[in-house]
Amino acid sequence: GNSVTQMEGPVTLSEEAFLTINCTYTATGYPSLFWYVQYPGEGLQLLLKATKADDKGSNKGFEATYRKETTSFHLEKGSVQVSDSAVYFCALPSGTYKYIFGTGTRLKVLA
Amino acid sequence: GAVVSQHPSRVICKSGTSVKIECRSLDFQATTMFWYRQFPKQSLMLMATSNEGSKATYEQGVEKDKFLINHASLTLSTLTVTSAHPEDSSFYICSAATGRDYEQYFGPGTRLTVT
């Protein structure tokens with residue numbers, strides 16, 4: 001079945017540092033891939049998505065490229081801000097509209 | 001577009017009482033809604049999937065008599081935690097799918113505290 005492996009956190013960075021959060025997947029075919037962000041005390045918000053291989057999703061300075069060769073969908077941002085502090089979840093569909101979520105990576109950005 | 005609301009955002013109840021949480025899709029019709037539970041600093045655990053007008057499908061290990069789910073319309077699903085106990089304290093999140101693609105739209109969550 002489909003599965004997602006996400007790097008363990010927490011990740012602590014200084015403001016303006018480069019961010020990478022690794023996500024690899026196992027799936028049948030080429031499903032859409034998603035990154036969600038959860039700010040403290042809130043639900044999940046879609047950050048970005050890619051619907052097919054080699055697609056690059058981007059939003060709010062974050063990017064992730066759907067790489068079928070390495071079955072990866074790593075999240076990157078060139079310069080993080082304090083306001084980016086949150087938990088980030090990688091996800092892919094499994095079955096009828098269900099999601100499989102990664103374990104979540106907590107990011108803390110220090111001023 | 002694609003906004004999902006949850007009510008209440010926070011609730012405190014006494015052990016033994018029941019609590020109802022509402023999940024509404026505000027600007028679209030949701031063919032499928034999902035209920036998740038999230039423990040502190042952990043990922044989301046899918047509890048059940050509900051389709052409008054039919055019984056919910058519960059994940060393994062989730063007590064259907066304890067967590068009653070009703071999907072009465074294409075814009076409303078409710079989760080009732082019956083005879084709540086302190087171990088039911090958690091963050092409950094719902095999401096909704098339009099059925100047109102695989103994207104889910106999440107509510108802001110409800111924090112339940114059982115004293």
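Just so we're on the same page: letters track the sequence lines, and every chain starts at 1.
Residues A:Tyr66 and A:Phe101 do not share a hydrophobic cluster, clusters being chains of Ile/Leu/Val/Met/Phe/Trp/Tyr side chains in contact below 4.5 Å. Under the 4.5 Å side-chain heavy-atom criterion for ILVMFWY residues, no single connected hydrophobic cluster contains both A:Phe34 and A:Val37. Put simply, B:Val11 and B:Val4 are part of two different groups of oily side chains (I, L, V, M, F, W, Y) that touch within less than 4.5 Å, one to the next. Clustering ILVMFWY residues whenever any of their side-chain heavy atoms sit less than 4.5 angstrom apart, transitively, puts B:Tyr92 in a cluster other than the one holding B:Met33. Residues A:Leu33 and A:Tyr30 are members of one and the same hydrophobic cluster, defined by side-chain heavy-atom contacts under 4.5 angstrom among Ile, Leu, Val, Met, Phe, Trp and Tyr.
Annotation: side chain of A:Leu44 is in contact with side chain of B:Leu44 (closest heavy-atom distance under 4.5 Å).
Heavy-atom pairs under 4.5 Å with chain A peak, among B:Glu59, B:Met45, B:Gln42, at B:Glu59. Counting heavy-atom pairs closer than 4.5 Å to chain A, the top residue among B:Lys41, B:Arg111, B:Arg10 is B:Lys41.
With hydrogens and angles ignored, the 3.5 Å screen pairs a side-chain donor or acceptor of B:Ser43 with a backbone N or O of A:Gly102.
Heavy-atom neighbours of A:Glu8 CD from other residues, nucleotides or ligands within 6.0 Å: at or below the threshold of 12. In the displayed structure, A:Glu16 atom CD is contacted under 6.0 Å by at most 12 heavy atoms of other residues, nucleotides or ligands. Within 6.0 Å of atom CG in A:Leu110, more than 12 heavy atoms from other residues, nucleotides or ligands are found, so the atom counts as buried in its surroundings.
The minimum heavy-atom distance between A:Gly43 and B:Ile93, with the atom names listed, is CA-CD1, 4.4 Å. Among all heavy-atom pairs drawn from B:Gln38 and A:Phe89, the shortest one is NE2-CZ, 3.7 Å.
Rounding to the nearest 0.5 Å places NZ of A:Lys49 at 4.0 Å from CD of B:Glu103. Interatomic distance, B:Leu46 CG to A:Lys98 NZ, rounded to the nearest 0.5 Å: 6.0 Å.
Contact annotation for B:Gln6: neither backbone nor side-chain heavy atoms come within less than 4.5 Å of a heavy atom of chain A. The contact between B:Gln104 and chain A is made by backbone and side chain atoms together, counting heavy-atom distances below 4.5 Å. Contacts between A:Gln38 and chain B at a heavy-atom distance below 4.5 Å involve the side chain alone, from C-beta outward.
Proximity of the aromatic rings of A:Tyr99 and B:Phe34 is defined here by a centroid distance below 6.0 angstrom, and this criterion is not met.
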